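See below for the structure under consideration.
Note that this is a predicted model, so its numbers are computed, not measured. Whatever order the structure lists ligands and atoms in, that order sets their numbers, starting from 1.
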Amino acid sequence: MEIKSKIQVAILGATGSVGQKFISLLSDHAWFEIAEVAASERSAGKLYKQAVNWILSTPLPDEVANLEVKECEPNLKSKIVFSGLDSGVAGPIEENFAKNGYIVISNSKNHRMDRDVPLLVPEINADHLELIKTQNYNGGCIVTNPNCSTIGMVISLKPLYDNFGLEEVNVVTMQALSGAGYPGVASLDIIDNIIPYISGEEPKLESEPLKILGHFRQNHIQDEEIKISAQCNRVAVIDGHLECVQVKLKKKATKEEIIKIWKDFSAEPQKYNLPSAPLRPIYYFYEDKYPQPRIHRDIDKGMAVSIGRLREDKLFDYKFVVLSHNTNRGAAGGAILCAELMKAKGYI
Ligand code: NAP
């Protein structure tokens with residue numbers, strides 16, 4: 001799809017870990033250009049380069065470095081706002097923007113489970129965007145991106161769900177440090193260590209996939225009924241969440257059939273050839289030692305999910321390992337893909 005002139009966008013929470021990823025990914029985007037950045041009153045009024053502690057390995061883009069950081073008030077000229085706001089403040093700020101006519105695409109948890117808000121993974125539930133029409137926001141709207149661990153897992157589950165049905169899922173995650181924002185977990189807590197708890201994470205992994213795989217019913221999503229059990233751990237990896245998943249299927253499937261449907265999986269982002277869409281949403285590795293965060297997290301623009309170690313399981317039917325990039329596919333990249341899908345389908 002060709003865009004005549006780029007669409008101006010703003011980033012709320014632009015100084016944070018997800019905000020920086022938004023800037024890096026949008027700085028040379030085919031359809032969008034960063035017109036405004038906003039953050040807390042601690043940063044507002046400063047130049048972005050003075051307010052931010054830039055932690056990415058890609059350089060801070062010149063055109064953003066000298067933007068003045070604004071307050072998160074709905075007086076911005078950009079009608080599309082990406083939110084990487086701290087969840088302690090995101091709820092009312094995002095709602096205020098939507099009520100004032102802005103299209104808000106958020107990474108924060110606050111509105112994910114609202115009855116009228118799509119919890120969007122473009123490869124899975126593009127039809128849920130119709131929920132926007134039931135929102136009462138004066139022309140504005142809120143669309144959300146799932147939790148970073150949910151995204152990787154649910155992309156691996158979608159082809160299984162479509163082809164064989166899913167009864168039960170058990171998942172144990174090993175989640176990267178960048179998922180805790182910056183400065184995140186204290187070094188003395190995580191070096192030589194694993195922390196077997198991430199606040200609020202397990203309930204999200206157990207509930208969000210049910211909405212994502214759920215069915216659009218005019219004004220709400222009817223959740224899918226799958227039993228999911230999750231245990232989440234923080235490990236000393238910078239980027240990339242690894243997840244050990246066990247599944248019980250409704251219909252019998254062979255290992256070869258499962259690998260084939262993963263490899264063949266393709267959906268609307270690929271059909272529309274969206275700028276941030278991976279060529280293939282899923283890469284399967286046959287080597288026993290793969291996937292690994294450091295080696296595979298950046299595959300296909302950091303937007304693909306890597307899977308390996310598929311084998312039969314004595315308790316469930318199958319078990320496997322999933323890897324996805326938490327700030328890219330799991331946050332900023334995923335949200336940008338949502339905006340691209342909205343543009344391609346005429347919601348923007
Ligand atoms: P972070 O590094 O702590 O950044 C938080 C951002 O929110 C900063 O820009 C901060 O601005 C801004 N902020 C804080 N208080 C504010 C206020 N009162 N008013 C306006 N802005 C305020 O957090 P993060 O890791 O980027 O995460 C951002 C959101 O995305 C969270 O809701 C998180 O749960 C979600 N998320 C994160 C990941 C991940 O992998 N990191 C993945 C998926 C979803 P200042 O710099 O001015 O304080």
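- Within the structure, the closest approach of Ala90 to ligand 1 does not fall below 4.0 Å when heavy atoms are considered.
- Here the side chain of Arg311 pairs no donor or acceptor atom with the backbone of Tyr318 at under 3.5 angstrom.
- The distance from ligand 1 to the heavy atoms of Ser108 drops below 4.0 Å at these ligand atoms: 29 (C), 32 (O).
- Across the listed options Leu12, Thr150, Thr15, Ile55, Thr15 owns the non-hydrogen atom lying nearest to atom 9 (O) of ligand 1.
- Given atom 26 (O) of ligand 1, the protein heavy atom at minimum distance is Val18 N, 2.7 Å.
- Here's the thing with Leu85: one of its N/O atoms is less than 3.5 angstrom from an N/O atom of ligand 1.
- At under 3.5 Å, not a single nitrogen or oxygen of Arg112, backbone or side chain, sits near a nitrogen or oxygen of ligand 1.
- The contact set between ligand 1 and Cys72, taken as ligand atoms under 4.0 Å from a residue heavy atom, comprises 20 (C).
- Salt bridge status for Arg112 with Glu208: present, with a side-chain N to carboxylate O gap under 4.0 Å.
- Atom 2 (O) of ligand 1 has as its closest protein heavy atom Ser17 N, 2.9 Å.
- For a threshold of 3.5 Å applied to N or O pairs, the pair formed by Gly16 and ligand 1 contains at least one separation below that value.
- For ligand 1, the atoms sitting less than 4.0 Å from at least one non-hydrogen atom of Ser87 are 32 (O), numbered in the order shown with element in parentheses.
- Figure legend: cation-pi geometry between Lys251 and Phe164 absent, as NZ or CZ is not positioned both under 6.0 Å from the six-membered ring centre and within 45° of its axis.
- Between Lys133 and Glu130, at least one side-chain nitrogen of the basic residue sits less than 4.0 Å from a carboxylate oxygen of the acidic one, meeting the salt-bridge criterion.
- The shortest N or O to N or O distance between Gly13 and ligand 1 is under 3.5 Å.
- Using a 30° and 60° split on the angle between ring planes, Phe32 and His29 fall in the parallel class, below 30°.
- Nearest protein heavy-atom neighbour of atom 18 (N) of ligand 1: Val89 CG1, 3.4 Å.
- Under the 4.0 Å criterion applied to side-chain N and carboxylate O atoms, Glu268 and Lys345 are assigned as salt-bridge partners.
- Annotation: atom 35 (C) of ligand 1 to nearest protein heavy atom, Asn107 O, 3.6 Å.
- Taking a cut-off of under 4.0 Å to the non-hydrogen atoms of Ser43, the atoms of ligand 1 that pass are 45 (P), 46 (O), 47 (O).
- Of the protein's non-hydrogen atoms, Asp86 N, 3.2 Å is the one closest to atom 7 (O) of ligand 1.
- The nearest protein atom to atom 28 (C) of ligand 1, hydrogens excluded, is given as Gly84 O, 3.1 Å; this is a heavy-atom distance.
- Residue contacts with ligand 1: Gly19 is placed with no nitrogen or oxygen under 3.5 Å of a nitrogen or oxygen of the ligand (distance criterion only).
- Side-chain contact between Leu177 and Arg234 is present, with heavy atoms from C-beta onward closer than 4.5 Å.
- Closest heavy-atom approach to atom 20 (C) of ligand 1 within the set Gly184, Ser178, Ser40: this belongs to Ser40.
- Salt bridge Glu167/Lys250: absent, no basic N to carboxylate O contact under 4.0 Å.
- The shortest N or O to N or O distance between Asn147 and ligand 1 is not below 3.5 Å.
- Aromatic ring orientation, Phe285 versus His296: tilted (interplanar angle from 30° to 60°).
- Checked by atom type and distance alone, the side chain of Arg297 pairs as donor or acceptor with a backbone atom of Asp239 at under 3.5 Å.
- Nearest residue to atom 48 (O) of ligand 1 from His241, Gln20, Arg42 is Arg42 (criterion: closest heavy atom).
- For atom 40 (O) of ligand 1, the closest non-hydrogen atom on the protein side is Asn326 ND2, 3.1 Å.
- Judged by distance alone, the side chain of Glu202 and the main-chain N or O of Cys232 form a donor-acceptor pair under 3.5 Å.
- The closest non-hydrogen atom to atom 23 (O) of ligand 1, taken over Gly330, Ala331, Gly181, Ala335, comes from Gly181.
- By the 30° and 60° cut-offs, the orientation of the rings of Trp262 relative to Tyr284 is parallel.
- Of all atoms in ligand 1, listed by their number and element, those nearer than 4.0 Å to a heavy atom of Cys148 are 42 (C), 43 (C).
- Salt bridge status for Glu123 with Arg329: present, with a side-chain N to carboxylate O gap under 4.0 Å.
- Annotation for Asn53: atom CG counts as buried by contact number, over 12 foreign heavy atoms lying within 6.0 Å.
- Of all protein heavy atoms, the one closest to atom 3 (O) of ligand 1 is Tyr182 O, 4.2 Å.
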